[in-house]
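The analysis underlying the following values was restricted to heavy atoms, covering all of them including side chains, and did not include hydrogens, waters or symmetry mates. Owing to the predicted nature of the structure, the values given are computational and were not obtained by experimental measurement.
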Amino acid sequence: MRQRLSSEPDRYRGRRRVPTPPRSRYAAVVTTAFVGAGLVALGASALPDAKDVSPSVLDELKQASATSQDAAARADNADRASRADRGNDAAEPELWLLPLQGYDFNSPYGVRWGKMHTGVDLVVAEGTPYVAIHDGLVTKAGWFGGYGYAVIVQHADGSEAIYGHSSALSVKEGQQVKAGDQLGLVGQTGHAYGTHLHLEIHVKGQPIDPVPFLDEREVDIKLGVEAF
């Protein structure tokens with residue numbers, strides 16, 4: 001009897017018992033799997049199958065989709081047309097430019113040598129092309145007394161620009177010009193002391209100082225700077 005008892009521990013020596021998972025953890029895993037499967041099944045049953053929908057309902061859905069797409073297309077076309085109309089109706093901004101580039105500003109508007117100097121003088125080399133400062137109609141292109149060969153351009157707002165002392169003219173009377181179009185070449189014809197372009201601005205038939213007039217139109221003729 002003693003020998004059986006002493007031999008029983010030898011049979012289990014060196015073996016380890018595999019632990020079993022707690023009951024609570026096993027229950028949680030099973031419960032989670034069960035709930036997930038239920039949700040999948042519920043979601044699948046909530047989605048309609050096209051085969052289960054009657055033909056009349058399918059036709060209604062197709063017609064509603066087509067109507068929605070047609071309405072969206074009409075709205076998009078109307079928006080594009082509206083933008084195009086706004087672009088066409090938008091008036092082009094008035095363009096005012098310098099008559100020359102790289103000149104020296106000389107003899108401003110005012111009394112000079114006891115007489116009224118009714119414009120400004122822009123000194124450059126003889127033969128330099130000069131251009132129209134604004135759109136308008138050429139009302140004079142030829143000899144103009146003390147101005148020598150001159151060009152007069154009348155603008156749409158009623159103001160006039162006189163370009164004097166030209167060596168040659170590039171336009172004719174009655175010609176429509178745009179801002180930047182060449183009018184002639186700088187010279188010293190007429191009552192001129194040295195080669196320069198004499199520029200005058202008249203409003204209602206009376207000469208005014210070109211500096212503030214052009215400054216209001218974003219052209220600084222003293223510094224030779226224009227907005228364009």
Asks: side-chain contact (heavy atoms from CB on, under 4.5 Å) with S170: which residues, sequence neighbours excluded?
Replies: Q182
Asks: For D157, which residues count as a side-chain hydrogen bond (donor to acceptor under 3.5 Å, both in side chains) partner, sequence neighbours excluded?
Replies: S159
Asks: Applying side-chain contact (heavy atoms from CB on, under 4.5 Å), name anything that partners S107, two or more places apart in sequence or on another chain.
Replies: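 Partners of S107 by the side-chain contact (heavy atoms from CB on, under 4.5 Å) criterion, ordered by chain and then number, come out as R112, H117, D121.
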Asks: Apart from F144 itself, what residues make up its hydrophobic cluster when side-chain heavy atoms of I, L, V, M, F, W and Y under 4.5 Å apart count as a link, directly or indirectly?
Replies: Y147, I152, I162
Asks: Applying side-chain contact (heavy atoms from CB on, under 4.5 Å), can you list everything that pairs with V111, at least two apart in sequence or on another chain?
Replies: M116
Asks: Which other residues end up in the same hydrophobic cluster as V225, if Ile, Leu, Val, Met, Phe, Trp and Tyr are linked when side-chain heavy atoms come under 4.5 Å apart?
Replies: L223
Asks: Hey, are the side chains of T128 and L197 touching, using non-hydrogen atoms and a 4.5 Å cut-off?
Replies: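 SC-SC contact between T128 and L197 ruled out.
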Asks: Taking only residues two or more places apart in sequence or in another chain, which ones pass side-chain hydrogen bond (donor to acceptor under 3.5 Å, both in side chains) with Y103?
Replies: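 Partners of Y103 by the side-chain hydrogen bond (donor to acceptor under 3.5 Å, both in side chains) criterion come out as none, since no residue qualifies.
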Asks: Taking salt bridge (charged side-chain N to carboxylate O under 4.0 Å, His left out) as the definition, give me every residue that meets it alongside K178, ordered by chain and number, with sequence neighbours left out.
Replies: D135
Asks: For Y109, give me all partners under ring-ring contact (aromatic ring centres under 6.0 Å, His included), at least two apart in sequence or on another chain.
Replies: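 None.
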Asks: Going by the rule side-chain contact (heavy atoms from CB on, under 4.5 Å), which residues pair with V131 if we only count those two or more places apart in sequence or in a different chain?
Replies: none
Asks: With sequence neighbours excluded, give me every ring pair (Phe, Tyr, Trp, His ring centres under 6.0 Å) pair touching residues 162-182.
Replies: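 Pairs touching residues 162-182 that pass the test: Y130-Y163, H165-H196, H165-H198.
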Asks: Could you name each residue pair satisfying side-chain hydrogen bond (donor to acceptor under 3.5 Å, both in side chains) that touches residues 201-216, not counting sequence neighbours?
Replies: E200-H202
Asks: Check whether H134 reaches the backbone of H155 with its side chain - one donor and one acceptor, N or O, closer than 3.5 Å.
Replies: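 Judged by distance alone, no pair lies under 3.5 Å.
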Asks: Can you find a heavy atom in the side chain of L169 that is under 4.5 Å from one in the side chain of L185?
Replies: no
